[in-house]
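Shown next, in structure tokens, is the structure this report addresses.
Any value given below was found using the heavy atoms of this structure, including those in side chains, with hydrogens, waters and symmetry copies removed. Just so we're on the same page: letters track the sequence lines, and every chain starts at 1.
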Amino acid sequence: MAAVLELLLQEEVAVSAVMRWLRHGPGHRPAEVTCGGLALVSLSLLQKDFVPFLLNFLREQTSQILTNGPSTPAKTPNSKAHGSQRTGSERRRRSSQKASLGIFLTATPEALPARRGRRKGSSSISASGRQVARDLGRSLAEEEDGKNDSVSWSGGRRKRSEVPLVSARSPPSQLNLNNLEEFPPMGAASGWTNKPSRRINPTPVSAERPLSKPKMCFTSTPVSQPPAARFSCGSSLEAFTAVQEGNLTSVISNSLQEEREMLKKERCKLLHQASSPAGISLDPGTPTKPSYTRSASLPAESHLVTCANPAKVSCKKQLECLAELYSSCIAENLVPNIFLELFFVLQLLTSKGTSTAEDGDSDLEASGRQHFRNVHNCVYFAVQVLDYQYEIISRLEKGTLKLLAENERIASFSPTLHERLRQAYESSTAKVSLLLPCSVQSVSFQPETDNRSNFPSDRAFHIFKKQRDIFYELLREWEDNHEKTGWDFERVLGNKIRSMMAHLSATCNHSHFARLFQKQLIQMCKGPIGGGASWGDTPDQDVLNMLGSDNLSRLKRLQERFIVPQSIRGPCPPPSFPGCQQFFRDFILSAGSYQFNQHLMDSLCLKILELNGLTLVEHEHSDGEADMDEQDEKKRFTVVLLSLRLLAKFLGFLVFLPYRTVEQPTRDLQDSAIVLRNQTLPVLDVLKLLRQSIRDQRSILTIPWIVEYLSLVDHIAPFLDYYRKVFCLLLLMVLSEDKEISFLNKLLILAVLGWLFQVESLVSFPSFSHQDSVPLVDQQLLYTCCPYLGELRKLLASFVAGSGAKNGGFIRKITPTAAESLAPKASVTQRKLQVELEQAFFHNQPPSLRRTVEFVAERVGSNCVKYIKATLVAELVQRAEVMLQDKVKEEDANQDKLLEEVCAHLYEEGAQALIKGREFCKKKGPEAVRVLLPEETSAAVLSSAEDIAVELATEKACGWLSANIAALIKREVKATFNRMLKVPGLPLPGEDALELRRDCPPGCQHCAPFPSQIINEIKVQTVSCLACPNSLCIFHGGAYFLHYGDKIQLFLCVFQFMCPTSEQQLAKCSVELASLLGKSVVINCLSLKSRLRVKKNPTYGLLKLLLSVWKEDFGTPVPVRLIFSKKNMGYLADVKQREWDLFLFMLRGLVEHGLMRTGEIESCLKSLQELPWPSDFLKELEMLSRVFVSEHRVEETRTSPCEMTRRSLGTVTAQS
Amino acid sequence: MKLSKAQYDEIAQFLGHVQPTRQSLRKLKEKFPSQSQSTLLSIFSQEYQKQIKRTHAKHHTAEAIETYYQRYLNGVMKNAAAPVLLELANEVDFAPSLMARIVLERFLQEKEQAIPSKTLINSMLRDPSQIPDGVLANQVYQCTVNDCCYGPLVDCIKHAIGHEHEVLLQEMLLEKNLSFIAEDQLRAKGYDKTPDFILEVPVAVEGHIIHWIESKASFGDESSHQAYLQDQFWSYWNRFGPGLVIYWYGFIEELDCHRERGILLKDCFPTDIVTLRHSMAQH
């Protein structure tokens, strides 16, 4: 290892040769090997250790510069005391903590378990990467350094090996190992002869540093750090130092968190770049303000910063060599996380050096052994690397580019790079906004999924109604309070949530709730920063209105500046649940409900599959509208991707929740757990989805969410056979050299995967070194497991990305409708041929045609079903209603049976649906296709497209209808029937006369009082009437009636304001008043006569008016029977001189107007006579009855034939 | 008409000291001439109901019921035509309709030897002619027509007023050309909670997006508003998003504090309405 580097640095081997060596493995002997090539060949077995070694070497070399600063002058570089102190503390930390996987890759390759385990038994062949790096550094420096004390190293190593990282499942490693023994490397004797392998970690460590010591970070400017954030980043430096040393977990959680957040942001930006750069760019042309520019250059306290000077750079050649090698490794994806490396490089670029350090270094520089001992060298190296990585860097978002373009060091070290960056900045449109508006909305109620018919019982339905409201109540409570100090989710909401769960269980409503929960989750959290800040942080609507939409983007930017965190968080944050996601996570935890979790997982899986299968269509570059399409698609892609990642994260959380442990389980526990869990099937087959995505060239959509899902694995899961395959496949993706993948897509994939492999639970997964993984999943194995991967390369060659090149992206197949085809059953071969013809038809047409046809088919098919529901089914339901009304009156019998009978009649008619559906599709399909296709489409193409659309739509609609029409009819009839039964008092729809007569007469002035006022008036009048039971009252009664009569006419003109209850009330009141009229026979009132213009007896006129109003104007049945109530007859009985003529007149009127039948009146009179009346009244009543009955008889004989017919008919009907 | 909390408190305090009679209402109007009559009437009615609610339990103890029944029996024995029940109710500061209900229940219990169903009682209160005892029927009738806050007549009037305002609102929506789905249509589709109107295309009122409008023909005081929020407005929000409540008879200004979150209060049909303009045409 060291030998390779040494060869390189001594210019005996070219970088390209090293790269070839790295790429092609032991057997490869390039033709054009340089003189040093031979040496490399002999070293070939060390390839897989080389990159980690190199990375370590760089970290180590630069550690002084990155950790020392003017504010910590006490720590002089190379202090022996300091060194031993460091290692001691390091050991302490190691013993209790484990490092993250990615760190192993970058920093401690010798700790990679596969080798380590074996190394023990095989005479410790190699002190790999890091130690060699140390050795190399030492030998180069010709300086015995106290911190290299071997005792402390081996101590560290032993502790380390206790962490069960060992895996015996790495045959390729095994092979290498053997080879290594057979072919001991040349020229590296000091590196790997019998020295015990040691844990080498000499870099200064931060953990024991007292916080009081001033430590100003001046070294790191993360890739996209806003200028303001660059002033205080002490903790992140520590974090970074730890990262370098493979001690991620040793860092206090704060800085760790910050660091991780940083990567989150990073990934977020990449995401946007990859998916929708221009879609999010707000204002590419905004001129920057001077202050902004100033802050972009080095910090204000620049007197502390060594001015990097290109002239002071020493050992340029070696630095150039290293830069080239390092850059090549990055370019070849040989580093575990390119963004970690970029972060490191930018740290070097912005590193500070003290004058002391500089002075001290001058000697060393002169000796030329320590390549990174001063700022000048670091910056030189960094600028070199940046130059190599220009392609990546130039795709960073605009703000970062600006900072780079304005960087003084770059300007002075490489004017050309400076110029290129400046140009890149100016042409960049990749402005990233982290603050997409977080629209807070509830999940809308959808009758198709949420109405009564979706629930097994009324109770379940009503309970869910409450649950929905409770859920939002909890959400509002959380929103209002969660940021207050002392507010605790579990304490405040825990019991409420659990009681909610109990209710859900009791009614089996979990699936409904899980859907609501999941929808609300997407609703609130799909934004880039996890639903971002709390709801309250969305800009005040009034302010927005004031500013207007033009200023909206400006406001947003302003807001961003306030919200962007002020500290650097580093590129590897752990998985977290930021913003509103926290609510949902805590809800799940507090609920602790197995049923709920299961339903939620089902729901999440379904949605993930749905979104993952979405079409993200390719577009044609030929026409001018492509840009528009592209923008739309990028937006859509962004939305889909963000939602998927969110859902996958929660799914991962739920899936691995039962297995989560705080501590890494012991080896024994782990083994037994693996045996157990290898038996179970995964909830969501991510391996299959991943493979499919690679095959279909849509991994850019799939990998990012799978990464989210996997980031929440527990400690055991990575060791399960299934997940090992998933991880290996992911690694393969990283290493894929396919240059056809859109650059940014690749970058996204690399970024998420780089991140994933830094996640803590994956710490001990055996084979995450790229070098390791390639031979692990060798070609043979890979292709045996997945034969379709052969296709993969072919497809990958034409792979394209969201940026929308040809052939790429997401090819959508026409989804065949599930329903059985209703087309006349053609032979299988014929149909197959048709399908092929159809595919062929589309093949040479622009893809938009296919999209259009599919779209039309889908919509028309769906509308067709709705149309049938609204027309045919509605008609049938109406008919059923009539039938039911009749039957329900006849027999109170078995309602279910009745319903069944009625529906059975209708089913036959239901078959009409297919004919009508076909007609509908045939009519609407072509119309839609014609509107949507371009004008110039040829007639033949148009007609074919129409036919296919109609066919597909018909198939969809009729398929559904034929399967469901009967059930649909039954459901609708049942619903109507239930409504009929529930609302007995109200008129049934259909016979609702009220509806028909809401219009005023023409020319109506709408001057009438409202029904409520009339009723109120009646009430008041009645009160006064009752209050004085004397003749005056009688008069009042009359006046009142008159008054009332006027109003009746008035309110008829405002019937539109009438509701059934007011109308019923009015009807009732008018009957009562008619009865009072009987009492008012003694009316002695000329004014009445004149006002009514009734010559003889005004009372008769009033009655006539009333009768006609009852008959003509009321929509509701008037309760005329009330006339015969005891109370109302009492009015008549109370008077001395009873107006029986008037009463008789009224009875006749009732019959004449069809308000009551004679028989009914007879029976009413009969029952009246049974009441205890004064004898004289009773006598008169009997007489009246006789008169009425005799009149009626006469009438009956007159109308008998007709009457008889009617009666007999009735009997017949009843009997049938 | 919006009232500040202080203004409202003043009115409520005044009402605390007066009998719930027409005279009191007149006095109220004299005392607060600047307030609209309907607002005052609505507050008057609400305050009276609160008072009745507070004392409801007191009148429903077994002892109280027995006392009232005996007093009724004694009263009608002396003079069946006199408004015995009505006077009794006024005397003990209880709503006449509720007093009628208590006595009717007691009467039926004695007669049928069983606790009568609520439906039966309600039906008899609505139509006293169904009451088997003529004298009691008359007494009950007197009570129901004389009650200004309770009873079938008042319920009917309230219902009618509510309905009328809904119709008015509907007319305004039609006039503004805002298409909507009305409550009955929503119910037919199986919605579990239904505001009066759901806008098919949401609009912005005073800068706030609204999806639904609920009409309330009453004054929005604290207790009724809280109850409505709990039972209706939040439920609508939970299903349809933000919306507008119109309290036609005004409300306490301070209650309009959920605007940001999506519940907007108005005392009239809003004038500042922004609609989506030709969004389809532009695309």
Side-chain angles (χ1 to χ4, degrees), chain A residues 440-445 447 450-454 461-462 464-465 468-469 471-473 476 479 535-536 538 540-542 544-546 975 979 989 1010-1016 1018-1020 1022-1023 1026-1027 1029 1054 1056-1059 1061-1062 1064-1065 1068-1069 1119 1122 1125-1128 1130 1171-1172, chain B residues 22 81 83 126-131 134 137-138 141-142 144-148 152-168 170-171 184 186-193 204 206-209 211 217 230-231 234-242 259-262 274:
Chain A
V440 180
Q441 282 257 316
S442 55
V443 172
S444 85
F445 181 97
D450 297 337
N451 73 12
R452 170 64 186 85
S453 58
N454 294 286
F461 179 58
H462 285 296
F464 188 69
K465 178 168 81 179
R468 180 192 291 266
D469 289 330
F471 176 62
Y472 284 106
E473 213 178 293
R476 277 189 287 267
E479 185 205 354
W535 305 355
T538 49
D540 188 278
Q541 192 65 40
D542 292 335
L544 290 188
N545 290 340
M546 233 160 56
R979 230 177 297 142
F1010 288 137
S1012 62
Q1013 289 168 323
I1014 298 171
I1015 302 168
N1016 197 40
I1018 292 172
K1019 182 170 168 273
V1020 171
T1022 314
V1023 169
L1026 285 172
V1054 285
Q1056 54 171 341
F1057 287 104
M1058 195 73 85
C1059 62
T1061 40
S1062 12
Q1064 279 164 8
Q1065 189 66 41
K1068 197 175 143 229
C1069 289
L1122 283 177
S1125 77
K1126 195 186 164 195
K1127 176 166 73 79
N1128 288 337
L1171 294 172
Chain B
R22 272 166 213 291
R126 257 200 308 275
D127 177 14
S129 65
Q130 293 173 22
I131 298 172
N138 195 32
Y141 185 63
Q142 282 171 339
T144 54
V145 295
N146 274 292
D147 198 318
C148 60
L153 256 171
V154 174
D155 288 348
C156 175
I157 292 167
K158 281 182 185 167
H159 185 94
I161 292 175
H163 178 79
E164 286 151 21
H165 281 91
E166 277 175 42
V167 177
L168 283 172
Q170 181 173 322
E171 298 232 298
D184 40 353
L186 290 170
R187 268 204 209 107
K189 286 186 187 172
Y191 284 85
D192 59 356
K193 291 258 184 172
E206 290 163 19
H208 296 267
I209 303 286
H211 293 267
Q230 185 70 25
D231 296 342
W234 285 130
S235 294
Y236 301 154
W237 188 98
N238 298 343
R239 286 156 182 78
F240 313 107
R259 287 190 157 222
E260 295 312 315
R261 218 171 222 179
V274 179

Is it the backbone or the side chain of R452(A) that comes under 4.5 Å from a heavy atom of chain B, or both, or neither?
-> backbone
When the 4.5 angstrom heavy-atom criterion is applied to E166(B) and chain A, the contacting part is neither
Region of D231(B) that comes under 4.5 Å of a non-hydrogen atom in chain A | neither
Any chance you could lay out the side chain to side chain contact (heavy atoms under 4.5 Å, CB included) test for K193(B) and R468(A), step after step, and finish with the verdict?
-> CA-CA 11 Å; K193(B) 291 258 184 172; R468(A) 180 192 291 266; over 6 Å; no
Heavy-atom distances under 4.5 Å only: say whether D155(B) touches chain A with side chain, backbone, both or neither.
-> neither
The interface call for L1122(A) against chain B, heavy-atom contacts under 4.5 Å, is side chain
Does a donor on one side chain and an acceptor on the other come within less than 3.5 Å for R476(A) and N238(B)?
-> yes
Under the side chain to side chain contact (heavy atoms under 4.5 Å, CB included) criterion, do Y472(A) and W234(B) qualify, and how do the steps go?
-> CA-CA 8 Å; Y472(A) 284 106; W234(B) 285 130; over 6 Å; no
Mind ranking N451(A), D469(A), N454(A), D450(A) by heavy-atom pairs under 4.5 Å with chain B and telling me who comes out on top?
-> D469(A)
Using non-hydrogen atoms only, which part of F461(A) is less than 4.5 Å away from chain B: side chain, backbone, both, or neither?
-> side chain
Given that the side chain runs from C-beta out, which part of I131(B) has a heavy atom under 4.5 Å from chain A: side chain, backbone, both or neither?
-> neither
